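Reviewing the structure listed below.
All values derive from a computational prediction rather than experimental measurement.
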Amino acid sequence: MMKQCRGLRGAITVERNEKSLILNASTQLLQTLIEKNDIHVEDIVSIFFSVTDDLDQTFPAAAARTFGLTNTPLLCLNEIAVKGSLPYCIRILMHVNTEKGQADMRHCYLEGAKALRPDLSDLDD
């Protein structure tokens, strides 16, 4: 089967706006997405990171460099402030080349972000 580009998404929350917490949570989310989907680093096409407007101490994409993603396009975005939205949240949209079908991709919602997609959160365990 030929590889195609597929999208993976995930999210995680942190307790407060602190650089080490943002980097650790971003690393945990990346690692979970990679492991649960058996992704090889060279198959990652690009990663979009977004953070809620209350996180501004560091770029979550900095965590991706610890995985050897030195040539992978990374983009950090700041989400709009929406009243009542989940605070301190980091989201990822990862594009990967894979032989898996889109229905076989395992999205990951961790920590408080499980509230965003309870229908997918049981897949994380």
Side-chain angles (χ1 to χ4, degrees):
M1 178 180 251
M2 194 164 111
K3 289 186 178 183
Q4 295 184 352
C5 188
R6 303 287 184 201
L8 275 171
R9 62 189 184 276
I12 192 167
T13 54
V14 293
E15 293 181 16
R16 61 189 170 279
N17 186 20
E18 185 177 301
K19 181 178 179 175
S20 63
L21 294 176
I22 295 167
L23 291 176
N24 289 341
S26 300
T27 299
Q28 180 185 355
L29 182 55
L30 279 169
Q31 185 172 355
T32 303
L33 282 167
I34 289 169
E35 288 176 1
K36 295 232 179 236
N37 289 282
D38 193 28
I39 296 169
H40 299 284
V41 171
E42 61 273 8
D43 288 330
I44 299 175
V45 176
S46 63
I47 305 174
F48 290 73
F49 295 84
S50 69
V51 294
T52 48
D53 68 322
D54 50 11
L55 294 177
D56 63 4
Q57 292 300 303
T58 191
F59 295 105
R65 300 299 178 212
T66 64
F67 288 92
L69 298 171
T70 56
N71 294 316
T72 304
L74 306 172
L75 182 64
C76 291
L77 308 164
N78 191 269
E79 298 176 10
I80 60 172
V82 176
K83 188 175 181 176
S85 66
L86 187 64
Y88 302 121
C89 189
I90 302 161
R91 290 180 179 84
I92 289 178
L93 174 60
M94 181 187 302
H95 300 100
V96 297
N97 289 322
T98 181
E99 293 179 355
K100 294 180 184 178
Q102 187 64 49
D104 297 320
M105 304 308 288
R106 305 233 5 237
H107 309 286
C108 300
Y109 290 82
L110 308 174
E111 308 298 341
K114 288 181 178 186
L116 295 170
R117 288 299 304 262
D119 57 321
L120 297 176
S121 296
D122 63 333
L123 300 176
D124 300 330
D125 301 326

Inset, instruction - Just do the side-chain contact (heavy atoms from CB on, under 4.5 Å) check on Val14 and Asn24 with the steps written out, would you? - result: CA-CA 9 Å; Val14 293; Asn24 289 341; over 6 Å; no
Have a look at [X] and tell me which of [options] forms a side-chain contact (heavy atoms from CB on, under 4.5 Å) with it.
X	options	value
Asn37	Val96, Asp104, Leu8	Leu8
Cys5	Val45, Thr98, Asp43	Val45
Ile47	Leu33, Leu30, Leu93	Leu30

Inset, instruction - Count the heavy atoms of every other residue, nucleotide or ligand shown that sit under 6.0 Å from CD of Glu15, and state whether that count exceeds 12. - result: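 Not more than 12 within 6.0 Å, no.
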Legend entry - Residue pair Arg91, Arg9: steps toward the side-chain contact (heavy atoms from CB on, under 4.5 Å) verdict: CA-CA 7 Å; Arg91 290 180 179 84; Arg9 62 189 184 276; over 6 Å; no
Taking all non-hydrogen atoms of both residues, which atom of [X] and which atom of [Y] are closest, and how far apart?
X	Y	value
Thr52	Asn78	O-ND2, 4.0 Å
Leu55	Tyr88	CD2-CD2, 3.5 Å
Phe49	Ala64	CZ-CB, 4.1 Å
Val41	Gly68	CG1-O, 4.2 Å
Leu23	Ala63	O-CB, 3.7 Å

To the nearest 0.5 Å, what is the distance between [atom1] on [X] and [atom2] on [Y]?
X	Y	atom1	atom2	result
Met2	Glu99	CE	CD	10.5 Å
Leu21	Thr13	CG	OG1	10.5 Å
Asn97	Lys3	CG	NZ	6.5 Å
Asp53	Ser85	CG	OG	6.5 Å
Ile92	Phe48	CD1	CZ	12.5 Å
Asp56	Ile22	CG	CD1	7.5 Å

Inset, instruction - Give the intermediate values and the outcome of side-chain contact (heavy atoms from CB on, under 4.5 Å) for residues Cys76 and Val51. - result: CA-CA 8 Å; Cys76 291; Val51 294; over 6 Å; no
Inset, instruction - Give a yes or no on whether the backbone of Gly7 and the side-chain of Gln102 come within a donor-acceptor separation of less than 3.5 Å. - result: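 Yes; judged by distance alone, with no hydrogens or angles, the pair exists.
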Inset, instruction - May I have the step-by-step check of side-chain contact (heavy atoms from CB on, under 4.5 Å) for Leu116 and Cys89, ending in yes or no? - result: CA-CA 10 Å; Leu116 295 170; Cys89 189; 3.9 Å; yes
Inset, instruction - Please answer: with hydrophobic residues joined when any side-chain heavy atoms are less than 4.5 Å apart, are Leu74 and Ile90 in the same cluster? - result: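 Yes, because Leu74 and Ile90 connect within a single hydrophobic cluster, where side-chain heavy atoms sit under 4.5 Å apart.
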Inset, instruction - Check whether any side-chain heavy atom of Met105 sits under 4.5 Å from a side-chain heavy atom of Lys100, and report yes or no. - result: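 Sidechains of Lys100 and Met105: in contact.
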Inset, instruction - Answer yes if the side chains of Ser50 and Glu79 hold a donor-acceptor pair under 3.5 Å, and no otherwise. - result: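 Checked: Ser50/Glu79 side chains pair up, N/O donor to acceptor below 3.5 Å.
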